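Below you'll find the structure, written out as C-alpha cells, and then a few comments.
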There are 2 protein chains.
Amino acid sequence: MKKEHKKYSGRPGRVTATDVAKELGISVMTVSRVLNKKPNVADDTREKVMQTAMRLGYIPNRIARSLVTRKSYTIGVIVPEITHSFFPDVIRGIEEVVYNTGYNLLFIHSAEDESREKKAIQTLEENQVDGILLSMAQTVKKYSFYRKLIENRKPLVFFDRCAKRLGASCVGINDVEMARHMTEHMIHHGYKRIAHLQGSKNVSIGRDRLLGFRKALEENNLTVNEDLIIESDFHEKGGYSAMISLLELPKKMLPRAVVAVNDPAAFGAMQAILEKGYRIPEDIAVVGFSDDVRAPFTPTPLTTVNQRPYDVGCKAAQKLLRHIDNPNERVEYLMIKTEPIIRRSCGCNGT
Amino acid sequence: MKKEHKKYSGRPGRVTATDVAKELGISVMTVSRVLNKKPNVADDTREKVMQTAMRLGYIPNRIARSLVTRKSYTIGVIVPEITHSFFPDVIRGIEEVVYNTGYNLLFIHSAEDESREKKAIQTLEENQVDGILLSMAQTVKKYSFYRKLIENRKPLVFFDRCAKRLGASCVGINDVEMARHMTEHMIHHGYKRIAHLQGSKNVSIGRDRLLGFRKALEENNLTVNEDLIIESDFHEKGGYSAMISLLELPKKMLPRAVVAVNDPAAFGAMQAILEKGYRIPEDIAVVGFSDDVRAPFTPTPLTTVNQRPYDVGCKAAQKLLRHIDNPNERVEYLMIKTEPIIRRSCGCNGT
DNA sequence: TAAAAGGATGTTAACGTTAACGTAATTTTC
DNA sequence: GAAAATTACGTTAACGTTAACATCCTTTTA
C-alpha cells in the first residue's frame, strides 16, 4: 500500500493540515492542536506532526483560520501622504509594536483624498481587519464613516490628525501648546507682525495649531491680524503659494515672521521668500512643525518642533491593540510631549 | 408575521449575504450573483438585493470569498527601510497601480534584517498573498527562501535590490551604467584619487555600483586603489564611519573625490568631511545616488542620480500583476533609465 | 407546435480551519 | 476499588462565500 505525496503533484494545490493528518493516519483536529500549541496531545504525536508538517512544506492558511475564528490578526493603516517623512517614521513605530504580536499591516494610502479614504475604510472592513489606525486626509469633511465604524465596534485609533468626541482614541502631540510656544518664541524675538500659514481646517492639527497661534498673540496682547492668517495645505506647494500671496502685500504690511503649520509648508514658504530676494531670518523669520529630515539642511536651518513620529506610531499601535483585546478599553486622547528644535530660521543661533 | 432585523441585534454579528437573502426570501446564490455583477439575474431582483444589502449595512467578507476562490487579491510588500525616502516613493507608485485593480497591500518592514525578512515571507504566504514585491534586506545571504517561493509558483518581483537568475522578475535602475557615469564625471573634473563608499555586497545595488565604479576607472586608465574602496552600508552612520576611516589616511593618500553608494551614505560622509575641516567640493568632492529629499539642501547641494522611485514602484507592481494574471508571463529584468542630477558637491556649478 | 435554447433561480458541496462536544482509555482520589 | 477526573484523541458542524450543476419556466426556432 503506497502512500502518495501530494506535494507539488500536478496542480498547484497547497499542502493542507488535512494532508498532514492523512499522511500520519490521524485526524485534522490533532494536527490543528499541535500547530496551535494546544494541550492534550501526546509528546510523540506532537513530534511526528511537526516533522511531517515540515517535511511536506505545510504552511498554515490564515484565511481559513480567520474565517472560523473571526479574527484576522490584521490591522489596517490609512495614511494620507506616505511621502511626507513624518508618516514613514510613524509606520516604523507601528511596525515595531505589531512585530512579534502576530498582527499584520494592511496598508492604504489615501492621497489626502476623502473618497479614497472612504474606499480605504470599506476595503479594510471587507478584509475583516481587527482594527484601524487612521490619519485623516485633509479634504475629509464628513465624519459619518468614522461614526459607522465606531457603531460597528470596529476598533479605531486616530493618529496625528484626529477626530475627537466620536468615541475613538487619538494619539497626537500637544499641538495647541507647541504652536503657542513657537509663536511666543517669535514674539520673544521681538517680532510684531507674525503670519500663520494655516493647515486645512478640516483636520485637527490645522485647527489646533491655528488655535495655539492665536492664543500666543492674545496672551501677549498683540492683535491678531486676520490678513496674516492664510490657508495653506500641508505640502510644499501650498506653503509656497500662500507665502507668495503674503509677499504681495504692501511693503509695510509684510509679516516679520511666519509660523507655518508644518515643515513642508515652511519649505515652500522659505523658497518663496528667497525667490523674492528676502533673507531668512533677517527679513522674515520662519518656524515650522514636524522636524522633517530636510529641516537641518535648508539654507537657513529651520526651527521646528520634533513631532516624535516613531513614538506616535508606537503609542497608537499599542492603544489599538488594547482596544482590540478589550472592548471596554477606555477611549483616550493621548498626547505625546514634544519639544522645540531651535535652529536658525527663527533668529536664534541654533545649529 | 413580523420580520426581525438582525442588524446590531445583540451580539456583534456582521450582516452576511445569507441575512440579505433571508430578508428577501431568496437564495444566497442570487445575492452572490448580484454582488459580483454576474449575469442571469432579473433586473428587479438585482435592484431589490442592492437595496436591502445597503439597508442592512452588508459588507462582503473577502476572507470567506478568498477561501473559496483561492485568491486573496492581496499583494505583499517587503521593504528594508521605510525611513529611507526612496521607499515611500516606491510605495506611492505601487499604490497608484494597485489602486482600482481591487488588490490590497500587506506591508512588512524587514528592518534590513535577514531573519525578519524570512519571517515576513512566511507571514505573507500564510496570508495567501497573490504575489510579493520585495526589496532585499542588506544582510540577506541565502536565497533559499526566494527559491522556495518561486518553486511554489508564488509570483515574486524584486525591486531596487534584486536577486537575478532565480526566475523572478526584477525592476531596478541602470546601476552599473550610472555608477560608471558618475565616477567618470568625477574623472572629467580631473580628480585622480577617487574613493568609493561601497554598499553591502549582499545586495545587487551594492555590487553593481561598485562594478560601475571600477569600470569607469579602468576605462580611463586609472588604477583602482583598493584602499579607497571601503564598505559602508546604505545609511548615514555607515557613510560617516567609512568616511572617517578614509580621512584617517595619511594626508597624501586622501581621496580627492568620493563616490557614495547612495545619498544617505553620502550625507554621513559629508558630515565627516566637514567635521574634519575639509571643504566640499574644493578639498573633497562627493557624489551620491538616489536623490534623497535632503540632497538639494545639504550645505553643498549633492550631485546624485535620480532613482525614479515612483516609476520603479509602478513598473514593479505592473509586472507583478501580469505575473499573477498569467503564469507564463516572461521573467524580465526591467531597467528604469535614470539621469544624473548635477548640483555642486561634484565641483560643478549646478543648482 | 414540438424541440431546442436560454434565462432566472435554487441546491449541494466545497474552500481549510477550529469550536464544541463526544468517547474510550488511563489515572487519580478517598 | 468504584467514582471521578484527566488525557488523548476523534466527529460533527460551522465560518461566509462561490463553483458547478440542477430545475423550472419562458422564449425562440424550424
Side-chain angles (χ1 to χ4, degrees), chain A residues 6-7 11-50 52-53 56-74 102 125-130, chain B residues 6-7 11-50 52-53 56-74 102 125-130:
Chain A
K6 253 196 168 179
K7 202 186 172 189
R11 69 234 103 131
R14 277 240 157 286
V15 180
T16 73
T18 314
D19 296 329
V20 176
K22 271 187 195 146
E23 180 81 10
L24 290 166
I26 61 177
S27 81
V28 219
M29 203 48 222
T30 303
V31 174
S32 171
R33 271 188 276 255
V34 172
L35 296 168
N36 292 295
K37 302 189 205 314
K38 299 242 164 133
N40 298 339
V41 182
D43 283 350
D44 60 329
T45 311
R46 203 176 282 275
E47 188 66 20
K48 274 191 292 183
V49 170
M50 290 305 274
T52 37
L56 299 183
Y58 170 70
I59 294 172
N61 185 330
R62 282 212 193 208
I63 287 197
R65 184 174 204 278
S66 293
L67 186 59
V68 48
T69 60
R70 290 136 173 278
K71 191 138 167 59
S72 66
Y73 280 97
T74 299
E125 287 203 87
E126 290 182 7
N127 280 283
Q128 315 296 120
V129 295
D130 295 330
Chain B
K6 250 195 166 180
K7 201 186 175 191
R11 68 236 104 130
R14 275 239 157 288
V15 179
T16 73
T18 314
D19 295 330
V20 176
K22 270 188 196 147
E23 181 82 10
L24 290 166
I26 62 178
S27 81
V28 218
M29 204 49 222
T30 304
V31 174
S32 171
R33 271 190 277 256
V34 172
L35 296 167
N36 292 295
K37 302 190 206 311
K38 299 243 163 128
N40 297 340
V41 182
D43 283 350
D44 60 330
T45 311
R46 203 178 282 278
E47 189 65 21
K48 274 192 291 182
V49 169
M50 291 305 275
T52 37
L56 299 184
Y58 171 69
I59 295 172
N61 186 329
R62 282 214 194 206
I63 287 196
R65 184 173 204 279
S66 293
L67 186 59
V68 47
T69 61
R70 289 138 174 278
K71 194 143 163 51
S72 65
Y73 280 97
T74 299
E125 287 202 88
E126 292 182 6
N127 280 283
Q128 314 297 117
V129 295
D130 295 330

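Proteins get letters first, then strands, A, B, ... in listed order; numbering begins at 1 in each. Keep in mind that this is a model prediction, so the values were computed, not measured.
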Practice item. Return no unless some side-chain N or O of Lys38(A) is found under 4.0 Å from OP1 or OP2 of dA19(C). Key: yes

Point to revise | Separation of dC9(D) C1' from Asp44(A) CG (nearest whole Å) | key: 12 Å

Might you list the N or O atoms of the protein lying below 3.5 Å from N or O atoms in nucleotides 22-28 of chain C, with each pair's distance?
none

With the criterion being N/O to N/O and under 3.5 Å, what pairs connect the protein with nucleotides 15-17 of chain C, and how long is each?
residue	atom	partner	partner atom	Å
dC15(C)	O3'	Arg70(B)	NH2	3.3
dC15(C)	O2	Val68(B)	N	3.4
dG16(C)	OP1	Arg70(B)	NH2	3.2
dG16(C)	N2	Ala64(A)	O	3.3
dT17(C)	OP1	Tyr58(A)	OH	2.5
dT17(C)	OP1	Asn61(A)	N	3.3
dT17(C)	OP2	Ala17(A)	N	2.6

Point to revise | Euclidean distance, atom NZ of residue Lys71(B) to atom P of dA14(C) [Å, nearest integer] | key: 24 Å

Review point. Rounded to the nearest Å, what distance is computed from the CE atom of residue Met29(B) to the P atom of nucleotide dA13(C)?
Key: 15 Å

Point to revise | Worked check of side-chain contact (heavy atoms from CB on, under 4.5 Å) between Val49(A) and Val41(A) | key: CA-CA 10 Å; Val49(A) 170; Val41(A) 182; over 6 Å; no

Exercise for review: Select one nucleotide: of dA8(C), dA19(D), dG10(D), the one nearest the side-chain heavy atoms of Thr30(A).
Suggested key: dG10(D)

Revision key, fill the gap. Side chain to side chain contact (heavy atoms under 4.5 Å, CB included) filter on Glu47(B), not counting sequence neighbours, yields Gln51(B)

Review point. Residues two or more places apart in sequence or in another chain: which of them pass side-chain hydrogen bond (donor to acceptor under 3.5 Å, both in side chains) with Asp130(B)?
Key: Lys71(B), Ser72(B)

Review point. Where do Asp19(B) and Arg14(B) come nearest, in terms of heavy atoms and distance?
Key: OD2-O, 3.7 Å

Revision key, fill the gap. Between NZ of Lys22(B) and P of dG10(C) the distance, given in whole Å, is 14 Å

Check your understanding: Once you round to the nearest 0.5 Å, how far does CD1 of Ile59(B) lie from CD of Glu125(A)?
Key -> 3.5 Å

Review point. For the atom pair CZ (Arg70(B)) and CD1 (Ile63(A)), what is the distance rounded to the nearest 0.5 Å?
Key: 11.5 Å

Check your understanding: Who pairs with Thr52(B) by side chain to side chain contact (heavy atoms under 4.5 Å, CB included), at least two apart in sequence or on another chain?
Key -> Val20(B), Glu23(B), Leu24(B), Arg55(B)

Practice item. Measure across Leu67(B) and Asn61(A) and return the closest heavy-atom pair with its distance rounded to 0.1 Å. Key: CD1-ND2, 4.3 Å

**Study point:** End axis versus end axis in the helix from dT1(C)-dA30(D) to dC30(C)-dG1(D), the angle rounded to 10°, five pairs used at each terminus
**Key:** 30°

Revision key, fill the gap. The ring pair (Phe, Tyr, Trp, His ring centres under 6.0 Å) partners of Tyr58(B) (sequence neighbours excluded) come to none

Check residues 27-38 of chain A and write down every donor-acceptor pair under 3.5 Å in which the side-chain atom is one partner and the other belongs to a residue at least two apart or another chain.
residue	atom	partner	partner atom	Å
Ser27(A)	OG	Met29(A)	N	3.4
Ser27(A)	OG	Thr30(A)	N	3.4
Ser27(A)	OG	Thr30(A)	OG1	3.4
Ser32(A)	OG	Asn36(A)	ND2	3.3
Asn36(A)	OD1	Arg65(A)	NH2	3.3
Asn36(A)	ND2	Ser32(A)	O	2.8

Practice item. To the nearest Å, give me how far apart CG (Asn40(A)) and C1' (dC21(C)) are. Key: 14 Å

Point to revise | Atom pair NZ/CZ of Lys48(A) and Arg46(A) - distance to nearest 0.5 Å | key: 13.5 Å

Exercise for review: Using a 4.0 Å heavy-atom cut-off across all strands, classify Thr45(B) as base, sugar-phosphate, or nothing.
Suggested key: sugar-phosphate

